[in-house]
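Notes follow once the structure below has been shown.
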Protein chains: 2
Amino acid sequence: MKKTYSEENYLKAIYHLSKMESKVSPKAIADALENNPASVIDMLKKLQDKLLITYDKFNGAFLTSSGELAALDIIRKHRLWEVFLVEKLNYGWDEVHDIAEQLEHIHDDQLAKKLDDYLGNPAVDPHGDPIPSSNGKMPVYATTLLSDISVGQSCKVGSVRDTSAPFLKYLKQLGLGLGATIYVIEKQEFDHSMVITINDGEQKTVSHKMTAHILVIPG
Amino acid sequence: MKKTYSEENYLKAIYHLSKMESKVSPKAIADALENNPASVIDMLKKLQDKLLITYDKFNGAFLTSSGELAALDIIRKHRLWEVFLVEKLNYGWDEVHDIAEQLEHIHDDQLAKKLDDYLGNPAVDPHGDPIPSSNGKMPVYATTLLSDISVGQSCKVGSVRDTSAPFLKYLKQLGLGLGATIYVIEKQEFDHSMVITINDGEQKTVSHKMTAHILVIPG
DNA sequence: CGGTATTATTAGGTATGTCTAATTATATTA
DNA sequence: TAATATAATTAGACATACCTAATAATACCG
């Protein structure tokens, strides 16, 4: 079933938020889409009617399997177009997001596949984010634990090994989102706690229990 | 001033119709956009308020200079994207129109220029239609008069040397639109009248006065 | 010229997706 | 726990762009 531009943007936002937060609330979606919680509630009802999400106020929004497929399809197109813009049209990696936001909504059965082939089936977009496969799987390229990163090295958050509320809540509080850049300043031999900066922010200390649950892409 | 998707489609339709018909009427626009004359009237008012067209019921709709610039910009993007889809993504020339209809509405200051350069500054789209320049000029590649085409040859209507109502009206009646394919069956020595088929339709006889006012692209 | 067909226009309504303001529910914290 | 802050929700409105149905204007044709 074809989706509107707006529906696609909600699905994408919910997908990304669900990787970051324990609960995807109307408020969080409204912040992400820079619109109003009231508007979000309306749309959540519509998406639920279309069986693309489930929503209740206690658990927040979750993508159904068809919703997740749709979200991954949009993300795939977004990232493929970003590769095109940078590799072929010589845009800077920082200029392409807004254009890809528009291009991702172009509908055509063959387009993503043809673009993918033309670009040489890239694994990641210009920001290093993995490109979902055509059958709706998000590859996980991050296989290194943050706890295994050496002092003086930097890395990017790839995915997480725990989706419990307290863990994700703490991640959020630290500003440790998917793709966040971590620089390892110090490691304590005694308890393996780590002093890091996140996106060049202020220094923070995190426990081994945390660093052993965060998968990163070194470099 | 930025234009909506829908406004852009109206401007494009009015541009194309104005090349074909002596009068661009609400009915004609509704037919072109496959919508309702009542909807067209609404939009014509809005476009007039924005100084993109002039409209009155006796003369129909005309693009203002800013309206024409906007229309040519959309047409430029449409045709550049068609070249991309055919040349780079290996679409067939008959598959690209609907995708280009979507891509032409992507907004970015640098995109058309970058795409143009990347494609090697093509002169025409996959259907042979000229690509407007970035400063809003539609090149005229047709320089051969239909009257100079030999018996047994075919050609495409490129542009016309007369924009008077009776002439354009007659053109329309014959089905001789921009891009129509003409095949020359016979030429009378006496009065230089010509027997032709238009888009492989039935044979028609046209006078020398007509054929001397139609510019075509041979082949 | 007058009747008929075609167009143009207006009026009013619909769907989408947004908004503000008011209300209710939940969370926080003193 | 009670007060307060934050979030969720409802109600009502607005803009865009479309629609149908009715009416007015124009064009066509015998």
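Naming: A, B, ... by sequence-line order, numbering from 1 per chain.
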| message | Just N and O in the side chain of A:S39: are any of them under 4.0 Å from OP1 or OP2 of C:dC19? | response | yes

| request: Check every strand shown and say whether B:Y5 touches a base, only sugar-phosphate, or nothing at a heavy-atom separation below 4.0 Å. | output: nothing

| request: Please state whether the phosphate of C:dT18, meaning OP1 or OP2, lies under 4.0 angstrom from any side-chain nitrogen or oxygen of A:S6. | output: yes

| query | Taking CE from B:M43 and P from D:dA15, how many angstroms apart are they, rounded to a whole number? | reply | 16 Å

| According to a strict under-4.0 Å criterion, is B:N36 in side-chain N/O contact with OP1 or OP2 of D:dT20? | yes

| Side chain of A:K45 (C-beta onward), nearest among C:dG17, C:dT10, D:dT10 | D:dT10

| Do the side-chain N or O atoms of B:Y10 get closer than 4.0 angstrom to the phosphate oxygens (OP1, OP2) of D:dC18? | yes

| remark: Comparing nearest nucleotides in DNA chain C, the 5'-proximal residue of the pair B:Y55, A:E7 is B:Y55

| said: Of the options C:dT18, C:dT26, D:dC19, whose atoms approach the side-chain atoms of B:N35 most closely? | reply: D:dC19

| Euclidean distance, atom CD1 of residue A:I41 to atom C1' of C:dT20 [Å, nearest integer] | 15 Å

| message | What is the distance, to the nearest angstrom, from the NZ atom on A:K46 to the C1' atom on C:dT16? | response | 5 Å

| request: Please state how far atom CG in A:L47 lies from atom C1' in C:dT16, giving the value in whole angstrom units. | output: 13 Å

| What nucleic acid atoms does A:P37 come within less than 4.0 Å of, heavy atoms only: base, sugar-phosphate, or nothing? | base

| field | Row check, A:Y55 ring normal vs A:K45 NZ/CZ: under 6.0 Å, within 45° | value | no

| For C:dT7, does either OP1 or OP2 sit under 4.0 Å from a side-chain N or O belonging to B:K23? | no

| request: Compare side-chain N and O positions of A:K27 against OP1 and OP2 of D:dA5 and report whether any pair is under 4.0 Å apart. | output: no

| Given D:dT26, is OP1 or OP2 found less than 4.0 Å from the side-chain N or O atoms of B:K57? | yes

